[in-house]
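Because only heavy atoms are used, hydrogens play no part in the values below, and waters and symmetry mates are left out as well, while side chains stay in.
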Amino acid sequence: MKQPDSPDAPTRRALLQGGIGAGALLATGLPAFAAPPGFEQWRDNFHARARAKGISDATWTRVMGRIEPDMSVFRQMQKQPEFHEQIWQYINRRVSDWRIINGREALKKHETLFARIEQDFGVERGTLLALWGVESAYGDPLVQQNHMRPIFPALAALAWNEPRRRAYWETELLNALKIVDRGWGTPEEMRGSWAGAMGHTQWMPEVWLNVGMDYDKDGRVSPFGKPDDALGSSARYLLNRGKYHRGEHWGYEVRSSGGASSGSRTYLAWASAGVTRADGKPFAQPNASAQMWVPVAGGPSFLLGPNFYSVKSYNPSMNYALAICHLGDRILGAPPFIQPFPGSERALTLPEVQELQTRLTKAGFDTGGTDGRVGNDTMKAVKDYQTKMGLLPADGYGGLKVLARLRQGG
């Protein structure tokens with residue numbers, strides 16, 4: 001089964017939430033779906049551990065009684081795609097036309113839910129919509145059905161025979177069994193990444209158990225189905241762990257006429273130092289504090305408030321946090337950044353992305369779909385096309401230059 005093209009990196013989310021990095025993993029070299037000698041003995045021994053952790057025999061039999069380990073996880077660990085994106089490429093791919101359009105539709109559909117979350121936790125709807133869109137394409141059931149794998153065979157393989165983090169995978173397998181034992185999910189619906197991340201927010205089982213909340217009051221914490229539990233839990237996560245500030249915006253693109261650019265100060269103090277919003281509007285809360293960040297010399301500058309770093313607590317990447325915050329703004333009607341990044345292209349429109357995918361597929365480079373969502377399949381197809389055509393750099397970024405070349409028939 002191929003990794004999903006639409007969600008950006010569910011494996012990365014799984015590893016980040018699990019507290020380990022992809023570089024720390026070591027593949028076993030076993031062929032995919034090989035008959036695994038010793039697995040049944042391991043499973044029988046593991047049953048005693050599960051029983052000691054309170055897993056009922058009925059749940060064990062239901063989930064593990066006839067399970068076969070998904071040995072393809074080791075191939076996935078070994079062959080994670082590597083793409084080196086400049087920040088403008090990273091932003092363009094995540095703040096895509098598809099996500100903006102579908103984010104607005106998701107907001108219309110769940111307006112009452114987002115209003116309730118804002119009242120309960122103070123987390124603005126744009127941030128949660130962006131997290132939801134990047135992590136699971138707004139819970140698209142086709143992604144779940146066509147691109148996700150059952151997590152129990154995957155976790156069983158890792159718990160049995162992953163040499164570097166076996167204890168971690170064993171714990172996550174036990175956590176997944178607890179979810180079934182509590183009636184929060186069925187083995188059939190618990191599909192996710194090769195590492196076990198699942199649901200609307202692509203959380204690992206341990207995170208669902210310890211951070212998830214029953215926000216819709218139906219008696220269980222559900223990663224699937226209605227998004228209430230996932231979005232409510234994410235808001236609480238941002239508030240409690242990320243120290244989200246109710247009523248504050250994450251920050252602003254700014255222009256500076258000079259002066260100091262380091263340290264934290266109020267927006268009023270920044271304005272006194274010659275820093276203004278790029279759109280010319282006044283700072284909404286002049287007494288709130290922010291820090292200056294210039295990601296690339298010559299590109300846009302930003303004043304970042306506490307809520308930017310709250311998003312960063314969800315994923316410790318400045319680029320990820322900027323993409324989430326900007327996507328949230330765009331869904332709510334804000335324009336693109338005013339100052340372009342050096343050497344950047346504008347983002348493709350949804351029809352242009354679909355055209356790119358269609359032309360690549362017809363040329364023999366399978367994008368895994370032509371729905372306008374750019375993920376690892378499309379990026380690999382672009383990189384292979386760039387390599388074949390001698391287009392440098394062969395970075396996997398499908399932008400205006402690649403589309404123009406495809407239109408030429410090359």
Side-chain angles (χ1 to χ4, degrees), residues 4 6-10 13 90-144 197 199-203 211-213 215-216 222-239 241-242 244-253 305 307-315 317 319-337 347 350 371-375:
S6 301
D8 284 291
R13 160 65 52 213
Y90 185 97
I91 297 293
N92 280 359
R93 193 160 74 85
R94 287 157 182 83
V95 188
S96 66
D97 225 18
W98 186 93
R99 283 202 180 94
I100 294 169
I101 293 168
N102 284 273
R104 291 169 182 168
E105 290 300 315
L107 178 56
K108 289 179 183 178
K109 184 177 180 180
H110 301 284
E111 172 77 32
T112 302
L113 172 61
F114 285 104
R116 179 186 168 207
I117 289 174
E118 285 180 333
Q119 182 174 351
D120 288 349
F121 303 105
V123 177
E124 66 179 11
R125 60 192 63 191
T127 299
L128 288 175
L129 281 161
L131 285 171
W132 190 19
V134 167
E135 294 299 336
S136 70
Y138 306 105
D140 187 345
L142 290 178
V143 172
Q144 180 79 8
H200 291 281
T201 48
Q202 286 293 286
W203 280 359
V211 181
M213 64 181 299
Y215 196 58
D216 63 3
S222 178
F224 308 101
K226 293 168 58 181
D228 301 46
D229 291 357
L231 296 178
S233 298
S234 294
R236 188 172 69 168
Y237 178 97
L238 292 173
L239 180 65
R241 178 168 176 174
Y244 194 94
H245 286 207
R246 179 185 290 267
E248 287 188 24
H249 198 51
W250 63 268
Y252 303 95
E253 182 187 357
N307 291 345
F308 178 91
Y309 295 96
S310 177
V311 174
K312 188 171 178 285
S313 75
Y314 200 88
N315 179 321
S317 161
N319 292 354
Y320 177 91
L322 183 61
I324 294 297
C325 291
H326 186 46
L327 175 58
D329 284 353
R330 294 295 308 280
I331 291 171
L332 299 181
F337 294 136
L350 178 60
D371 59 3
R373 291 180 281 187
V374 176

Could you tabulate the donor-acceptor pairs under 3.5 Å formed by side-chain atoms of residues 223-230, not counting sequence neighbours?
{"unit_1": "Asp229", "atom_1": "OD1", "unit_2": "Tyr215", "atom_2": "N", "d": "2.9"}
{"unit_1": "Asp229", "atom_1": "OD1", "unit_2": "Asp216", "atom_2": "N", "d": "3.1"}
{"unit_1": "Asp229", "atom_1": "OD2", "unit_2": "Ser222", "atom_2": "N", "d": "2.8"}

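- Taking the six-membered ring wherever Trp is involved, the centroid distance between the rings of Phe121 and Tyr244 does not fall below 6.0 Å.
- Here the side chains of Ile324 and Trp250 are not in contact, with every heavy-atom distance at 4.5 Å or above.
- Between Glu111 and Arg125, at least one side-chain nitrogen of the basic residue sits less than 4.0 Å from a carboxylate oxygen of the acidic one, meeting the salt-bridge criterion.
- Here the closest non-hydrogen pair linking Val123 and Ala235 is CG2-O, 3.7 Å.
- For the residue pair Arg330 and Pro336, the shortest heavy atom distance occurs at NH1-CG, 3.6 Å.
- A donor-acceptor contact shorter than 3.5 Å links the side chain of Arg104 to the backbone of Ile331.
- Across all their heavy atoms, Leu238 and Ser310 have their closest contact at O-OG, 3.1 Å.
- Ion pairing between a basic and an acidic side chain is recognised when a charged N comes within 4.0 Å of a carboxylate O; Arg236 and Asp120 show no such pairing.
- Scanning all heavy atoms of the two residues, the minimum distance from Asp371 to Leu350 falls at O-CD1, 3.8 Å.
- Classification of the Trp132-Phe114 ring pair by plane angle, with boundaries at 30° and 60°, yields tilted.
- Listed here is the closest heavy atom pair of Arg99 and Arg93: NH1-O, 3.2 Å.
- Counting heavy atoms from C-beta outward, His200 and Glu135 have side chains that stay 4.5 Å or more apart.
- Inter-residue side-chain proximity for Leu231 and Leu113 is flagged as met; some heavy-atom pair is nearer than 4.5 Å.
- Leu131 is listed as a side-chain neighbour of Tyr320, based on a closest heavy-atom distance under 4.5 Å.
- With Tyr237 contributing its side chain and Ser313 its backbone, the two residues share a donor-acceptor pair below 3.5 Å.
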